[in-house]
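Each remark here refers to the structure printed beneath this line.
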2 protein chains.
Amino acid sequence: MLLADDQALVRGALAALLALESDLEVVAEVGRGDEVVARARESRADVCLLDIEMPGADGITAAAAVRDALPGVRTLIVTTFGRPGYLRRALEAGASGFVVKDTPARQLAEAVRKVHAGLRVVDPSLATESLLDGANPLTEREREVLTVALGGGTVAAIAGVVHLSAGTVRNHLSSAIGKTGTSTRAEAARVAQERGWL
Amino acid sequence: MLLADDQALVRGALAALLALESDLEVVAEVGRGDEVVARARESRADVCLLDIEMPGADGITAAAAVRDALPGVRTLIVTTFGRPGYLRRALEAGASGFVVKDTPARQLAEAVRKVHAGLRVVDPSLATESLLDGANPLTEREREVLTVALGGGTVAAIAGVVHLSAGTVRNHLSSAIGKTGTSTRAEAARVAQERGWL
DNA sequence: ACCCGCCCATGACAGGTGTCACGGCCACGC
DNA sequence: GCGTGGCCGTGACACCTGTCATGGGCGGGT
């Protein structure tokens with residue numbers, strides 16, 4: 001089993017926690033998303049425990065990379081933020097499980113075992129919430145623009161980053177504002193991020 | 001020793017990690033900041049390990065509460081975000097230590113021992129950074145207004161929340177924008193939060 | 001071929017925003 | 001007393017934003 005989390009303390013602590021289970025063994029630890037595949041291959045891990053927030057590549061793209069490069073290896077996402085959009089994207093990336101860091105510690109080992117056995121593990125409260133608010137309604141460009149808008153700069157600054165005209169950026173923002181039911185782009189960006197649409 | 005972190009998984013994992021050290025014992029675990037003092041008292045903990053991001057009360061105010069209510073008990077802040085302002089406020093709240101979750105797992109036990117022995121433990125890289133950008137230049141009202149501005153609403157909305165005139169809010173925001181070296185209030189709010197000024 | 005949706009862009013308009021100058025109130029320190 | 005600085009408010013101005021209408025290009029479905 002491979003452990004990926006950017007916070008060394010949490011990574012070490014999770015390793016200690018899982019070491020208590022005699023049938024589980026942590027064979028590798030990484031702190032970056034773009035090192036997952038290589039280390040998983042060389043350590044012959046059969047399950048990858050991935051945090052989402054990581055430098056290099058986030059856990060979801062890491063999961064997709066594992067699915068493509070190491071088909072036999074299963075992935076389990078463990079994250080702080082139970083955003084519905086994250087769950088959806090994680091499953092699309094081929095993850096076998098999705099666990100929030102709020103869950104009791106004892107259930108983690110159980111989740112790892114289930115994933116290893118080929119079962120799916122999904123936080124139940126999150127699953128219903130995910131069905132409730134549906135898919136991401138944002139267009140690709142709207143996502144891109146809104147992501148840059150998170151920084152808080154002016155329209156001109158955003159336009160410079162995404163190489164678009166200022167007017168076009170405003171149109172995309174206006175559309176995103178409508179879809180999020182907000183009235184300013186800052187609000188729209190915040191809401192979209194909370195929902196995992198970015 | 002008492003462990004406070006809102007994420008059950010992390011809490012359990014840290015407990016497992018610290019249990020490996022024979023001279024340390026976790027006597028209580030809480031998931032909310034406002035339960036720290038009561039549980040620390042009844043469990044007779046001598047050190048409190050506090051996360052900052054917690055419901056009820058954040059780790060810094062919890063540290064202040066512990067200092068006031070249980071003078072003999074020392075507190076050690078363990079947090080995800082190494083914001084200079086956090087360190088400053090933590091020390092002002094009487095915390096004996098400040099550790100970022102990026103630090104290697106092995107050093108945590110050592111930090112706990114040092115704090116228990118009455119020493120101060122401060123992340124060195126953070127300490128220099130904290131000296132570098134100095135104290136929080138924001139006025140009390142500027143802080144308040146900027147905190148609400150984080151939500152992303154319009155000036156009118158902010159003014160309604162803080163019970164001020166819209167013009168005054170704009171003046172405070174303009175001043176905060178100047179102090180943060182930014183050019184929009186969204187940027188200013190983001191920067192101020194990153195620096196721990198909110 | 002046709003419609004549809006996404007993408008890009010422009011122009012115009014009302015309203016919001018950032019800045020500045022000004023005034024008044026209060027608490028604090030010299 | 002008097003200066004200083006925070007706090008609150010008003011007014012005015014240039015600029016930025018959000019919205020809408022319009023148009024053209026592109027690909028995907030029927």
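Proteins come first, then strands; the chains are lettered A, B, ... in the order of their sequence lines, and each starts at number 1.
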*asked:* With a 4.5 Å cut-off on side-chain heavy-atom distances among I, L, V, M, F, W and Y, is there a chain of contacts connecting Val27(B) to Val47(B)?
replied: no

*Crowding at CZ, Arg32(B) (>12 non-hydrogen neighbours, <6.0 Å)*: yes

_For atom CG of Leu138(B) and atom P of dG6(D), their distance in whole Å_ = 11 Å

*Which nucleotide sits closest to the side chain of Thr154(A): dG18(C), dT17(D), dG9(D)?*
dT17(D)

*Spacing between His172(B) atom NE2 and dT17(C) atom P, to the nearest angstrom*: 16 Å

*asked:* If I take atom CD in residue Glu144(B) and atom P in nucleotide dC8(D), what distance separates them, rounded to the nearest angstrom?
replied: 8 Å

*Answer whether the closest heavy-atom distance between the side chains of Pro84(B) and Arg88(B) falls below 4.5 Å.*
no

*Does Gly94(B) offer a backbone N or O that forms a donor-acceptor pair with the side chain of Arg74(B) under 3.5 Å?*
no

*Heavy-atom closest contact (Ala188(B) atom, Thr180(B) atom, distance)*: CB-OG1, 3.5 Å

*Any side-chain N or O of Arg185(B) under 4.0 Å from OP1/OP2 of dG18(C)?*
yes

*Take atom CD of Glu140(B) and atom P of dG5(D), then tell me their distance rounded to the nearest Å.*
19 Å

*Nearest-angstrom distance from the residue atom CZ of Arg143(B) to P of dG6(D)*: 15 Å

*Tell me, for nucleotides 10-15 of chain C in 5' to 3' order, what letter each nucleotide earns: B for a base near a protein heavy atom under 4.0 Å, S for only sugar-phosphate near one, - for neither?*
B-B---

*asked:* Any non-hydrogen side-chain atom of Asp58(A) less than 4.5 Å from a side-chain atom of Tyr86(A)?
replied: no

_Among dG18(D), dG16(C), dC8(C), which nucleotide has an atom closest to any side-chain atom of Arg141(A)?_
dC8(C)

*Return the value, rounded to whole Å, for the distance between atom CD1 of Ile177(A) and atom P of dT17(D).*
11 Å

*Can you tell me how far C1' of dG18(D) sits from CD of Glu142(A), to the nearest Å?*
14 Å

*Within the distance-only criterion (no hydrogens, no angle test), does the side chain of Ser174(B) pair as donor or acceptor with the backbone N or O of Arg170(B) below 3.5 angstrom?*
no

*Nearest-Å distance, CD (Glu187(B)) to C1' (dT17(C))?*
14 Å

